[in-house]
Amino acid sequence: MNRPIWAVFYLYKMKYRQLTKEQFESLHKEFAQFLATQKIDIGEWNKMKSQNTALVEDELNLFSDLVWDDVLNKVEYLEHFSKTSVNLFKCEKEAVYRIVVTINKEIDLLSEQGYKWLLENPKHAAVDYLKGSKIYSNEKNLEIFELIEKGSQIARGELYEYFNRLTS
């Protein structure tokens, strides 16, 4: 029997989460190349979508994990802002380093004015710092992904390095 290569069913267990529709749309060329590496052309893909939705989900999940791994491998810094604190992370090979900046004053760090106040008053009595580090207890990329899922944003590190110098 001459079955298409995708006709064999398998179940892929995801590491992260599936990309959003918008993310898939922005990566449509890369996704097409990914399918091509598996000898799945547009005709085969359309047939899969109508005949084997579980396998389609597996392909979407596998591609999502590949994209996430690529992105997470490049992450060096993360930032997470709340109204009264900033969590800054530096993600190194074996450990993540963290600086927590807390404001004990009626300042909203989520506003432009509050953020500006912090940068202009880093040694104010209302500003507290906490530094620490943690060896990854899980796979590095999984821990970085968890921080992103909890609201951290990938950053260039200027803020981390600024406060690191200030508190050293």
Side-chain angles (χ1 to χ4, degrees), residues 1-101 108-112 115 132-164:
M1 182 161 123
N2 228 357
R3 292 191 322 214
I5 196 164
W6 55 264
V8 177
F9 182 78
Y10 64 94
L11 211 44
Y12 177 75
K13 183 176 178 339
M14 284 198 82
K15 267 172 82 172
Y16 308 110
R17 72 164 164 77
Q18 197 174 93
L19 298 172
T20 64
K21 181 180 179 188
E22 293 79 19
Q23 290 168 324
F24 271 112
E25 287 171 358
S26 70
L27 295 168
H28 71 276
K29 288 181 184 174
E30 291 83 354
F31 185 62
Q33 290 172 335
F34 165 78
L35 292 175
T37 64
Q38 298 184 61
K39 301 192 180 359
I40 301 172
D41 62 20
I42 189 69
E44 291 291 314
W45 179 245
N46 288 332
K47 195 184 300 182
M48 281 174 63
K49 289 194 306 188
S50 67
Q51 295 177 2
N52 196 340
T53 56
L55 186 57
V56 167
E57 283 300 306
D58 281 350
E59 294 296 335
L60 296 173
N61 292 345
L62 178 58
F63 179 74
S64 295
D65 275 354
L66 291 171
V67 170
W68 276 114
D69 263 332
D70 186 50
V71 169
L72 296 169
N73 282 334
K74 297 172 186 170
V75 171
E76 292 181 50
Y77 296 94
L78 296 169
E79 298 174 350
H80 186 273
F81 283 80
S82 71
K83 192 171 183 172
T84 59
S85 67
V86 181
N87 282 271
L88 305 167
F89 302 94
K90 183 174 185 179
C91 307
E92 293 194 352
K93 185 177 181 179
E94 300 295 327
V96 62
Y97 296 85
R98 179 180 182 188
I99 300 172
V100 181
V101 183
D108 181 359
L109 294 174
L110 296 175
S111 72
E112 186 176 335
Y115 178 74
S133 65
K134 176 184 169 280
I135 294 173
Y136 300 112
S137 56
N138 207 341
E139 183 183 326
K140 175 186 174 188
N141 284 359
L142 286 173
E143 293 197 30
I144 293 171
F145 180 76
E146 287 175 22
L147 290 170
I148 291 171
E149 289 293 283
K150 290 177 181 173
S152 294
Q153 302 289 318
I154 298 171
R156 288 181 285 190
E158 293 100 342
L159 208 52
Y160 179 94
E161 295 300 336
Y162 171 73
F163 285 112
N164 190 44

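In what follows, residues are counted from 1 in the order of the sequence shown.
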Is [X] atom [atom1] crowded by more than 12 heavy atoms from other residues, nucleotides or ligands, each under 6.0 Å away?
X: E76; atom1: CD; answer: no
X: Q153; atom1: CD; answer: no
X: K83; atom1: NZ; answer: no
X: E112; atom1: CD; answer: no

Aromatic ring pairing F24/F31, orientation class (parallel under 30°, perpendicular over 60°, tilted between): perpendicular
CA sep, side-chain torsions, deciding dist, call: I148, L72, side chain to side chain contact (heavy atoms under 4.5 Å, CB included): CA-CA 10 Å; I148 291 171; L72 296 169; 3.7 Å; yes
[X] side, atom [atom1]; [Y] side, atom [atom2] - distance, nearest 0.5 Å:
X: E59; Y: K49; atom1: CD; atom2: NZ; value: 13.0 Å
X: H28; Y: Q23; atom1: NE2; atom2: CD; value: 15.0 Å
X: S133; Y: R98; atom1: OG; atom2: CZ; value: 11.5 Å
X: N73; Y: K140; atom1: CG; atom2: NZ; value: 7.5 Å
X: L27; Y: E22; atom1: CG; atom2: CD; value: 12.0 Å
X: W45; Y: S50; atom1: CH2; atom2: OG; value: 11.5 Å

In the structure I gave you, are the side-chain heavy atoms of [X] and [Y] within less than 4.5 Å of one another anywhere?
X: V67; Y: F34; value: no
X: F163; Y: V86; value: no
X: L78; Y: C91; value: yes
X: E143; Y: S137; value: yes

Candidate pair N164 and Y97, rule side chain to side chain contact (heavy atoms under 4.5 Å, CB included), full reasoning: CA-CA 10 Å; N164 190 44; Y97 296 85; over 6 Å; no
Where do [X] and [Y] come nearest, in terms of heavy atoms and distance?
X: D41; Y: E44; answer: OD1-N, 2.8 Å
X: N138; Y: E146; answer: ND2-OE2, 4.4 Å
X: E158; Y: R156; answer: OE1-CB, 3.3 Å
X: D65; Y: K13; answer: OD2-O, 4.2 Å

Taking [Y]'s backbone N and O only, do any of them form a donor-acceptor pair with [X]'s side chain (distance below 3.5 Å, no angle check)?
X: D70; Y: L66; result: no
X: Y136; Y: E92; result: yes
X: S64; Y: L19; result: yes

I154/V71 under side chain to side chain contact (heavy atoms under 4.5 Å, CB included): CA gap, chis, key distance, verdict: CA-CA 10 Å; I154 298 171; V71 169; 3.9 Å; yes
Short side-chain donor-acceptor distance under 3.5 Å, Y77 and E161: yes
Stepwise side chain to side chain contact (heavy atoms under 4.5 Å, CB included) test for D69 and Y16: CA-CA 9 Å; D69 263 332; Y16 308 110; 2.5 Å; yes
Criterion side chain to side chain contact (heavy atoms under 4.5 Å, CB included) against W68, the qualifying member of Q18, R17, K15: R17
